[in-house]
J.: 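Take this structure first; my questions come after.
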2 protein chains.
Amino acid sequence: MSEGVEWALHSCLNLAWSGDGRAVSAARLAAWHELPAAYLNKQLQALARAGIVSSTPGPRGGFRLARPLDSITLMDVVAAVEGPDEAFRCAEIRQQGPGGGEEPPAADCAIAHAMGRAELAWRRALAAQTLDEIRQQAERQAPEAPERLRAWLAAAR
Amino acid sequence: MSEGVEWALHSCLNLAWSGDGRAVSAARLAAWHELPAAYLNKQLQALARAGIVSSTPGPRGGFRLARPLDSITLMDVVAAVEGPDEAFRCAEIRQQGPGGGEEPPAADCAIAHAMGRAELAWRRALAAQTLDEIRQQAERQAPEAPERLRAWLAAAR
DNA sequence: GGAAGCATACTCGGATATACTATGTCCGAGTTGACGTGG
DNA sequence: CCACGTCAACTCGGACATAGTATATCCGAGTATGCTTCC
């Protein structure tokens, strides 16, 4: 799985903690965890295309959450960064060569069906978890995190 | 996900249909679906290392199932081909840069925890499905498939 | 006729190239804010 | 003092390199088979 998924998820939480008042630039979000700024920018663009964050150019510009955290699921972020297509894609090799009959088979490939069911379970688990729940859990573990981020953003003016 | 997973799964079913009497070479299994023989051989080696199939060299050699289909799950094959490590690996970026505190955090990353739970659901779904169940479903859809394979193997002596 | 020895062909197994995607970097278009200037 | 125009800096956005992995290929070690030869 792409490294950018982890970056995007942390960035969403950081955006939520930064306060809704002002946007945060990709460079600041990247510096907070020592990530490559230009590449994180790429991931944030993907989030913007998916409607998860909104971007504003120019000075004082940057990214901010486009909707509240409790309406963003893990699935939304994963789909935005990784793309919408399934991880296991059936190439229908059973139709190739001597193994494939003359006419296409009537039913779907049993293997693809089973793999699809498993992947559906994964997607359901991701869709059942909102970023707000994760934020609450993270704040229970480290209650000072939001304030530290806001202080650092204000100081690094 | 790797293309080889699909090839390995189909090959396992084909090995089950070929009959337990004699081994089938990687070249024959590949020709049945017009796959690159040498590369399929690589995937079968991975299955052999995992104890799913057994290999015998020399003439009349090849691969055969090492244990019955009902004791092989989708998870076994996926783990053998893809490797045992998780798809989402937490790099603990929260500990890097100004965002990371002085001492390591006490609890696990909430994001990694949630992603791990989703992946666990996927793995459970894969482990709950045996290849024998898939074989039964495939035979219901195409009852003539096993016999066609055996006839082709005998003809291509 | 039978058995031993040998050559042979066929198999896996791993070491070696190539292609593609994820990763990382760079520069341009656009916008906002500040500053200077004129009224 | 206020309003307007100009300028400059900062931002995203997409186009351009690079690296790492999945894909594909090739050749060597090993083994069972069949044949030849000798007893």
Side-chain angles (χ1 to χ4, degrees), chain A residues 1-8 11 15 18 21-31 33-66 78 80-83 85 87-89 91 93 153 156-157, chain B residues 1-8 11 15 18 21-31 33-66 78 80-83 85 87-89 91 93 153 156-157:
Chain A
M1 171 162 314
S2 192
E3 187 85 8
V5 173
E6 185 180 1
W7 302 359
S11 295
L15 282 177
S18 75
R22 57 191 66 176
V24 183
S25 74
R28 297 228 178 281
L29 283 173
H33 289 309
E34 280 181 354
L35 301 175
Y39 191 36
L40 177 63
N41 187 21
K42 202 181 185 63
Q43 316 296 347
L44 292 173
Q45 285 177 33
L47 292 183
R49 273 190 294 269
I52 296 173
V53 302
S54 67
S55 64
T56 59
R60 289 308 212 187
F63 294 91
R64 70 189 70 196
L65 290 175
V78 170
V81 174
E82 287 282 295
D85 45 351
F88 180 86
R89 58 189 191 287
I93 64 171
L153 283 175
R157 177 63 50 106
Chain B
M1 174 162 313
S2 191
E3 187 86 8
V5 173
E6 186 180 1
W7 302 359
S11 295
L15 282 178
S18 74
R22 58 191 66 174
V24 183
S25 74
R28 297 230 179 281
L29 283 173
H33 289 309
E34 281 181 354
L35 302 175
Y39 190 38
L40 176 63
N41 187 21
K42 201 181 185 64
Q43 316 294 348
L44 292 172
Q45 285 178 32
L47 293 183
R49 274 190 294 268
I52 296 173
V53 302
S54 67
S55 64
T56 59
R60 290 306 214 186
F63 294 91
R64 70 190 70 195
L65 289 175
V78 170
V81 174
E82 287 283 295
D85 46 350
F88 180 86
R89 59 190 192 288
I93 65 170
L153 284 176
R157 178 62 48 107

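Residue numbers start from 1 in every chain, and the chains themselves are labelled A, B, ... in the order their sequence lines are given, proteins ahead of strands. Values in this document were obtained by computation on a predicted structure and should not be read as measured data.
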J.: Quick one, Ile52(B) and Phe63(B) - any side-chain contact, counting heavy atoms below 4.5 Å?
T.: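 Answer no - side chains too far apart.
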J.: So which atom in Ala37(B) and which in Ala30(B) form the shortest heavy-atom distance, rounded to 0.1 Å?
T.: CA-CB, 3.5 Å
J.: Separation of Arg22(A) atom CZ from dC10(D) atom P, in whole Å?
T.: 16 Å
J.: Heavy atoms only: give me the nearest Ala26(A)-Leu40(A) pair and the separation to one decimal.
T.: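 Nearest heavy atoms, Ala26(A) then Leu40(A): O-CD2, 4.0 Å.
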J.: Nearest nucleotide by nearest heavy atom, which residue falls closer to the 5' end of DNA chain D, Trp7(B) or Gly61(A)?
T.: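 Its nucleotide being nearer the 5' end, the pick is Gly61(A).
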J.: Would you name the heavy atoms of Ala46(A) and Ala80(A) that are closest together and state the gap between them?
T.: CB-O, 3.6 Å
J.: Does Ser55(A) place a side-chain N or O at less than 4.0 Å from the phosphate oxygens OP1/OP2 of dT11(D)?
T.: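 For Ser55(A), the contact criterion (side-chain N or O under 4.0 Å from OP1 or OP2 of dT11(D)) is not met.
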J.: Taking atom CE of Met1(A) and atom CD of Glu6(A), what is their separation to the nearest 0.5 Å?
T.: 11.0 Å
J.: Reckon Ala27(A) touches a base, only the sugar-phosphate, or nothing at all at heavy-atom distances under 4.0 Å?
T.: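 Counting heavy atoms under 4.0 Å across all strands, no contact is made by Ala27(A).
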J.: Where the side chain of Glu3(A) is defined as all heavy atoms beyond and including C-beta, which of dG14(C), dG14(D), dT23(C) is the nearest nucleotide?
T.: dT23(C)
J.: Does Thr56(B) make a side-chain N or O approach to OP1 or OP2 of dA32(D) shorter than 4.0 Å?
T.: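 Checking Thr56(B) against dA32(D): no side-chain N or O falls below 4.0 Å of OP1 or OP2.
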J.: Please pick, from dC26(D), dG13(C), dC12(D), the nucleotide with the shortest atom-to-atom distance to any side-chain atom of Phe63(B).
T.: dG13(C)
J.: Nearest whole angstrom, please: distance from the C1' of dT11(C) to the CZ of Arg28(B).
T.: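 Atom-to-atom, Arg28(B) to dT11(C), this comes out as 12 Å.
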J.: Between the protein and nucleotides 31-35 of chain C, which nitrogen or oxygen pairs are less than 3.5 angstrom apart?
T.:
none

J.: In Å, rounded to the nearest 0.5 Å, how long is the span from CG of Leu44(A) to OG of Ser11(A)?
T.: 5.5 Å
J.: Report the distance from atom CE of Met1(A) to atom P of dA22(C), rounded to the nearest whole Å.
T.: 12 Å
J.: To the nearest 0.5 Å, how far apart are CD in Glu3(B) and CG in Leu35(B)?
T.: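 If I round to the nearest 0.5 Å, the distance is 8.5 Å.
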J.: Can you name the nearest heavy-atom pair linking Val5(A) to Glu82(A), along with the distance?
T.: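 So the minimum-distance heavy-atom pair works out to CG2-CG, 3.7 Å.
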J.: Contacts to DNA chain C from residues 39-46 of chain B, heavy-atom cutoff under 4.0 Å, which residues?
T.: Asn41(B), Lys42(B), Gln45(B)
J.: Arg64(B) and Thr56(B): which non-hydrogen atoms are nearest, and at how many Å?
T.: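 Heavy atoms only, the tightest pair is NH2-OG1, 4.3 Å.
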J.: Is any side-chain N or O of Ser2(A) closer than 4.0 Å to OP1 or OP2 of dT23(C)?
T.: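 It does, given that an N or O in the side chain of Ser2(A) lies less than 4.0 Å from OP1 or OP2 of dT23(C).
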